[in-house]
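Here's the structure we're looking at; comments come further down.
Remember, it's 1-based here, ligands and their atoms both numbered in the order they're listed. Heads up: numbering here begins at 1 and tracks the sequence.
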Amino acid sequence: MPSKTRSIDEVLKKYWGYDSFRPLQADIINSVMEGRDTLGLMPTGGGKSLTFQVPTMAMEGMALVVTPIISLMKDQVDHLIERNIKATYMHAGLTAGEMRRTYEKCMYGNCKFLYVSPERLASQTFLDHLKHMPVCLIVVDEAHCISQWGYDFRPSFHNISSVRKLFPEVPVLALTASATPVVVDDIMKHLAFKAPNVLSMSFARKNLSYVVRHTDEKLAEAVRILQRVPGTAIVYVRSRKRTKLISDELNRLGIKADYYHAGLSHEEKEDKQNKWRSDECRVIVATNAFGMGIDKPDVRVVVHVDVPNSLEEYYQEAGRAGRDGKKSYVVLLVTHTDQRTLNRHVTDSFPERDFILSVYERACNFMHVAVGSGYDRVYDFNFNLFCRTFKLPVLPTHNALNILTRAGYITFMEESDAQSRVMILAGKNELYDLHTTTPGADQVLQALLRIYTGLFADYVFINEDVIAYRTGIDHETIYIALLEYTRMHVLHYVPRKRTPYIYFPTSREEPRYLRIPKAVYEDLRERMQKRVDAVISYASTAVSCRETALLSYFGEHVDGACGHCDACIERRKRISYTPADVQEGILYMAQVKPRKFQEFVDTLSFPKDAIHSMLSFLVDEGYIEHLPDDTYRNPVPLK
Ligand code: ADP
Ligand code: MG
């Protein structure tokens, strides 16, 4: 038990300003504070971060937070710092000096949260320092990555076991939004839970109607859905290019839309998000880059134009609908080629072994890493230039680098936009009589001093966007001003890096010694295939309830059908009609005006095949005319 505890409600109010916990948060927090190993399962956006942040603030000591996504690490650290909480993170881009300062800060108890990537835990130097830190909680975020059965397995997560050995008495808290029963067991096994302890809430979202539409005209179908369901919408597609094409088409049809993908500049992204959030734009057409941290409560419909690779991803993306608890729709559009596309994706993700080896050889040569060297070093790696230089196909090359990463030969990091940092070198008094010629430089410096604390003692992460916002000065000028001050030795500015890099956890191997283990190749390929098969089966016409299908995939026991997915509705239609009803419905509708087949299906509450066969019968018998524009008409005039 921690020696000094503050009430968790007090902590929540003091640092976050919230009055109450969300469902399950307090249960997880109490379990952790009782010193029990805990696995918390909560859907995305459920509020997992607070379940480790609050108890850590209520206890003495610091939390070691292991998380796989560098950009999220940075975001979380920023958020904590904004709340006056001491937090920091480590990544491969730090210099030796920076690393040392971070270690010292943590060892002297000047830090409540230390975020690290799982790769870091492999370093003996790190473990040697960690031993001396006052760790009171080990947190594993995105814990499904620890399991080979999860959809995002990362072997480096297995390093966590060495940390557990260092702190046998410290509880571990594993958090994830997606874990099938096998994954749940696997997580507890790999983290050496003292006793199984899973706290989870139902993943059912009662206000969501799950719908699958089989169509050969996906765009037309998407438009129809957006015309019928009013309110905010997200349309997910896979390709960046098509986000724009579809958004243009929607605008042409009078539906206010915009597009979003990872290739846009930071400013563009902000702008588009804001317009969508403030309802200036109704529909956002996006790749899966749109989502992290997006929390608009009143999304009425999420349409997937392309089928995702796993139900985990689908559930997360679709789950962005209806956060306000009101009725919302999530629609998956499926066409006959989708199954083939998904299967090809599996093949593409696992290129031939020879190809993987040749990518390794070339990448090492490209970075001038000789056989036997490279150990524990980081190299800038311009992926696009690499592909161009060796005329390599982008996708398989990318996947080859990922496989090499999983096999432990390299760590290929794409998102190395380590944040910019500043430390002030001049004394406080010297700052008053500085003379620069750079316009705006004074304001930039003043803004820095106002916004950030601790600049005199250490490197502090800064955000140029915040400075731009506070001063009204553009990014370019801020950049120049900070460089100017650096030249003057007033401060040291380390701008963020955007190029990807490769880290060598082991020195370069000779090709004949390179082994791609079955565990990171065949086994993973098989698992990916299973996930793809699960998506295909969810989307199949044979499913009797979509919600049941989805939840049982996540291992949840479901009592009966949801009653409002497309399969349930279709079934209800099937049991309550007679052929005479169908005939009457069709004849009446076609009498009012000529109709397309789909209109009958959408309006009448009979199954599609019943409408289809009755319509053919009525056409054959001459009661209904099939017109050249593919509409059906009942020539008998309305009385
Ligand atoms: P997750 O990691 O589960 O996806 P986050 O921890 O990122 O979710 O939290 C999602 C959002 O919910 C954040 O904006 C967070 O501030 C907010 N939130 C979490 N808990 C509470 C609470 N008890 N009261 C109000 N807002 C909360
Ligand atoms: Mg989270």
Side-chain angles (χ1 to χ4, degrees), residues 7-33 38-58 63-85 87 89 112-113 115-118 137-146 150-152 154 157 173-179 187 198-203 205 273-274 277 288-299 312-325 415 554:
S7 116
I8 58 172
D9 297 297
E10 260 168 51
V11 168
L12 183 70
K13 185 73 191 165
K14 175 168 179 216
Y15 292 97
W16 283 272
Y18 299 146
D19 292 317
S20 58
F21 285 105
R22 290 207 184 141
L24 206 70
Q25 282 180 328
D27 301 305
I28 298 180
I29 294 170
N30 288 325
S31 167
V32 166
M33 306 250 314
T38 308
L39 171 54
L41 279 175
M42 273 176 132
T44 304
K48 287 185 286 298
S49 315
L50 283 188
T51 65
F52 66 84
Q53 291 168 345
V54 169
T56 308
M57 292 314 289
L64 175 74
V65 187
V66 185
T67 172
I69 308 166
I70 291 193
S71 59
L72 288 188
M73 237 188 253
K74 188 177 72 186
D75 282 357
Q76 294 217 355
V77 168
D78 282 352
H79 276 126
L80 290 168
I81 291 176
E82 273 167 27
R83 299 193 154 82
N84 278 319
I85 296 174
Y89 72 104
K112 287 298 282 181
F113 297 91
Y115 283 74
V116 296
S117 67
L137 179 62
I138 300 164
V139 182
V140 185
D141 206 359
E142 314 290 340
H144 56 274
C145 296
I146 208 169
Y151 71 101
D152 200 9
R154 320 227 174 169
F157 265 69
L173 170 59
L175 295 167
T176 173
S178 69
I187 293 174
V198 185
L199 295 175
S200 75
M201 54 207 275
S202 168
F203 279 49
R205 299 277 310 275
Q273 279 185 24
N274 289 339
R277 213 177 268 133
N288 61 6
F290 187 74
M292 288 293 186
I294 283 174
D295 202 5
K296 185 165 166 59
D298 59 346
V299 176
E312 284 91 335
E313 287 156 84
Y314 183 64
Y315 177 83
Q316 284 209 354
E317 287 164 12
R320 299 199 169 110
R323 289 256 171 100
D324 56 4
E415 31 168 7
F554 290 117

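Using a 4.0 Å cut-off between charged nitrogen and carboxylate oxygen, D141 and K48 do not count as a salt-bridge pair.
The ring-ring contact (aromatic ring centres under 6.0 Å, His included) test applied to Y314 returns H304, Y538, not counting sequence neighbours. A search for ring-ring contact (aromatic ring centres under 6.0 Å, His included) contacts involving Y315 returns F203, F554, not counting sequence neighbours. Qualifying side-chain contact (heavy atoms from CB on, under 4.5 Å) partners for I81, counting only residues two or more places apart in sequence or in other chains: V77.
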Can you give me a line-by-line list of nitrogen or oxygen pairs between ligand 1 and the protein shorter than 3.5 Å?
{"unit_1": "ligand 1", "atom_1": "3 (O)", "unit_2": "G46", "atom_2": "N", "d": "3.4"}
{"unit_1": "ligand 1", "atom_1": "3 (O)", "unit_2": "G47", "atom_2": "N", "d": "3.1"}
{"unit_1": "ligand 1", "atom_1": "3 (O)", "unit_2": "K48", "atom_2": "N", "d": "2.9"}
{"unit_1": "ligand 1", "atom_1": "3 (O)", "unit_2": "K48", "atom_2": "NZ", "d": "2.8"}
{"unit_1": "ligand 1", "atom_1": "4 (O)", "unit_2": "G45", "atom_2": "N", "d": "2.6"}
{"unit_1": "ligand 1", "atom_1": "6 (O)", "unit_2": "K48", "atom_2": "N", "d": "3.2"}
{"unit_1": "ligand 1", "atom_1": "6 (O)", "unit_2": "S49", "atom_2": "N", "d": "2.9"}
{"unit_1": "ligand 1", "atom_1": "6 (O)", "unit_2": "S49", "atom_2": "OG", "d": "2.7"}
{"unit_1": "ligand 1", "atom_1": "8 (O)", "unit_2": "G47", "atom_2": "N", "d": "3.2"}
{"unit_1": "ligand 1", "atom_1": "12 (O)", "unit_2": "R22", "atom_2": "NH1", "d": "3.1"}
{"unit_1": "ligand 1", "atom_1": "12 (O)", "unit_2": "R22", "atom_2": "NH2", "d": "3.1"}
{"unit_1": "ligand 1", "atom_1": "16 (O)", "unit_2": "Y18", "atom_2": "OH", "d": "2.7"}
{"unit_1": "ligand 1", "atom_1": "18 (N)", "unit_2": "R22", "atom_2": "NH2", "d": "3.4"}
{"unit_1": "ligand 1", "atom_1": "20 (N)", "unit_2": "Q25", "atom_2": "NE2", "d": "2.8"}
{"unit_1": "ligand 1", "atom_1": "23 (N)", "unit_2": "S20", "atom_2": "O", "d": "2.9"}
{"unit_1": "ligand 1", "atom_1": "23 (N)", "unit_2": "Q25", "atom_2": "OE1", "d": "3.1"}
{"unit_1": "ligand 1", "atom_1": "26 (N)", "unit_2": "R22", "atom_2": "NH2", "d": "3.4"}

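A donor-acceptor pair under 3.5 Å is absent between the side-chain atoms of Q25 and the main chain of L50, judged by distance alone.
The OG1 atom of T67 sits 8.0 Å away from the OH atom of Y115 when rounded to the nearest 0.5 Å.
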